[in-house]
**Q** 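Quick one: the structure is below, questions incoming.
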Amino acid sequence: MREFDLIARIRARSKSRDDVVLGIGDDAALLRVPADKLLVVATDTLNAGVHFPDEAMPADIGWKALAVNLSDLAAMGAQPAWCTLSLSLPDSDAAWIDAFLDGFLALADTFDVALVGGDTTRGPLSVCVTVHGFVDETRVLRRDAARIGDEIWVTGTLGDAAGALAQWQAQQPIDPMLRARLDRPAPRIAAGLAFAGIAHAGIDLSDGLLADLGHVCSASEVAAEVEVDALPASPALQAAFDSAARRALQTSGGDDYELCFTAAADQHEGVVRVAQETGIAVTRIGRVVAGSGVHAVLADGTEWIPPRAGYVHFA
Ligand code: ADP
Ligand code: MG
């Protein structure tokens, strides 16, 4: 199959939106941006052997390539609209593309995201996605907006994907719930939109809580104190790992794709109310203090030193 046929296959299956003036097929896409919004753009690449194992299912690769990008938009408090897809493929395999699109387009349709263009080349398997969305200038969740005295919150549960990876690396049976968290992360778009009006700073958790919260702290020139034993753990994680292993997975494991945000302490009830109204689970995990760095503490206030830092490329 030639590149042209692959693109035709992709085009035939992608849905459009009213604000797409011209999508796949011309030299570039033409898109209508709402006049009262900021355009938000994020890009992430997934490489075979680095971001997913070579034997990963193509549908899961498709889902995750878009999910990690939508997670970045969620972390800005944005509403997603469009995406582009650059594929580097070792060979033109129609069955692979079809399965990849099953995952990719299932997620795109869920969030009404139109695939409006891309690029298709031959080379080692690599998937680069760019997503575009909109945000109100007054509701953006930036990394540099944390303030001393803020409470720190996370959505959902932490450590599930890292738990699945640990089981896979240990060649143990992988718990299906943990595995789903690793293969099919759910971007927290609704949470980003819901908490954008009340939160100060926000980030999505991709490289591990302590590492990602560290980015918020350095951008905001503050420190964070995280209560390790307050981190939300799923029943599956609690069943599969003892508390020492859990602490490591929840603080330093990657691939959570939950949101972490800070909000003024006097907005505590407001955060709880938004969570109840939207049905989004949030947990208060610590507070923003003066200083620098992220400090994990135990219930008695003593510092807890993580066994290793978050995943760092080229380290
Ligand atoms: P050009 O040579 O002008 O870059 P291409 O042959 O690369 O044209 O692409 C033709 C059209 O198909 C363009 O609209 C491009 O955005 C789209 N396209 C190419 N690859 C993909 C892809 N993997 N996913 C979505 N659209 C794609
Ligand atoms: Mg091109």
Side-chain angles (χ1 to χ4, degrees), residues 1-34 37-74 76 78-134 183-187 189 204 206 257 313:
M1 181 172 272
R2 292 169 309 136
E3 178 201 326
F4 175 84
D5 301 313
L6 279 183
I7 297 171
R9 222 172 171 89
I10 294 169
R11 184 182 183 178
R13 288 186 59 184
S14 35
K15 293 202 183 99
S16 194
R17 287 167 48 112
D18 290 346
D19 52 11
V20 178
V21 179
L22 195 57
I24 297 171
D26 210 311
D27 294 312
L30 297 175
L31 309 165
R32 207 176 292 285
V33 182
K37 299 278 199 266
L38 294 182
L39 179 66
V40 191
V41 181
T43 294
D44 255 318
T45 301
L46 300 190
N47 292 326
V50 180
H51 301 96
F52 56 86
D54 290 306
E55 65 268 28
M57 306 279 282
D60 291 336
I61 299 169
W63 176 286
K64 194 158 179 177
L66 183 57
V68 301
N69 277 278
L70 291 176
S71 180
D72 283 324
L73 289 199
M76 300 303 287
Q79 175 76 55
W82 315 304
C83 66
T84 57
L85 169 63
S86 286
L87 281 174
S88 166
L89 301 172
D91 44 67
S92 297
D93 180 343
W96 193 94
I97 276 288
D98 285 340
F100 175 90
L101 290 174
D102 287 344
F104 188 93
L105 295 176
L107 189 61
D109 292 348
T110 300
F111 289 101
D112 191 24
V113 172
L115 176 60
V116 297
D119 199 26
T120 308
T121 56
R122 196 175 289 264
L125 179 58
S126 174
V127 183
C128 176
V129 175
T130 300
V131 288
H132 307 74
F134 316 127
D183 290 341
R184 298 248 170 166
I189 296 292
D204 69 317
S206 53
Y257 299 106
H313 288 275

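Atoms considered below: every heavy atom in the structure, side chains included; atoms not considered: hydrogens, waters and symmetry mates. We count residues from 1, following the sequence as given. Since the structure is predicted, the reported quantities are computational estimates derived from the model, not experimental observations. Order of appearance sets the numbers: ligands from 1, and atoms from 1 within every ligand.
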**Q** Within the 4.0 Å heavy-atom shell around Gly25, which atoms of ligand 1 are there?
**A**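 Contacts of ligand 1 toward Gly25, numbered from 1: 11 (C), 13 (C), 14 (O).
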**Q** Show me which atoms of ligand 1 lie under 4.0 Å from any heavy atom of Asp27.
**A**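 Every atom of ligand 1 under 4.0 Å from some heavy atom of Asp27: 3 (O).
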**Q** What part of Asp119, side chain from CB on, backbone N/CA/C/O, both or neither, has a heavy atom under 4.0 Å from ligand 1?
**A**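 The answer is both, backbone and side chain.
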**Q** Strictly by modelled atom types, are Ser88 and Ser126 linked by a side-chain donor-acceptor pair under 3.5 Å?
**A**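 No, because no side-chain N or O of Ser88 sits under 3.5 Å from a partner of the opposite role on Ser126.
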**Q** Side chains of Asp119 and Ser86 only: does a donor on one sit below 3.5 Å from an acceptor on the other?
**A**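 There is no such pair (donor and acceptor under 3.5 Å, judged by atom type) between the side chains of Asp119 and Ser86.
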**Q** By number and element, which atoms of ligand 1 are closer than 4.0 Å to a non-hydrogen atom of Glu3?
**A**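 In order of numbering, the contacting atoms are 6 (O).
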**Q** Check whether more than 12 heavy atoms from other residues, nucleotides or ligands sit under 6.0 Å from atom CZ of Arg13, and answer yes or no.
**A**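 It does: Arg13 CZ has more than 12 such atoms within range.
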**Q** For atom 20 (N) of ligand 1, which candidate among Val129, Leu22, Thr120 holds the nearest heavy atom?
**A**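 The option holding the nearest heavy atom is Thr120.
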**Q** With salt bridge (Lys or Arg N to Asp or Glu O under 4.0 Å) as the rule and sequence neighbours excluded, what pairs involving residues 105-115 come up?
**A**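 For residues 105-115: Lys15-Asp109, Arg17-Asp112.
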**Q** Can you find an N or O of Gly118 that's nearer than 3.5 Å to an N or O of ligand 1?
**A**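 Among all N and O atoms of Gly118, at least one is under 3.5 Å from an N or O of ligand 1.
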**Q** Would you please test Phe100 and Trp63 for ring-ring contact (aromatic ring centres under 6.0 Å, His included) and show each step?
**A** CA-CA 8 Å; Phe100 175 90; Trp63 176 286; over 10 Å; no
**Q** For atom 24 (N) of ligand 1, which of the options Asp26, Ile24, Leu101, Leu85 provides the nearest non-hydrogen atom?
**A**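 It is Leu85 that holds the nearest heavy atom.
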**Q** I'd like to know if the side chain of Asn69 and the backbone of Asp44 have a donor-acceptor N/O pair within less than 3.5 Å.
**A**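 Answer holds: yes.
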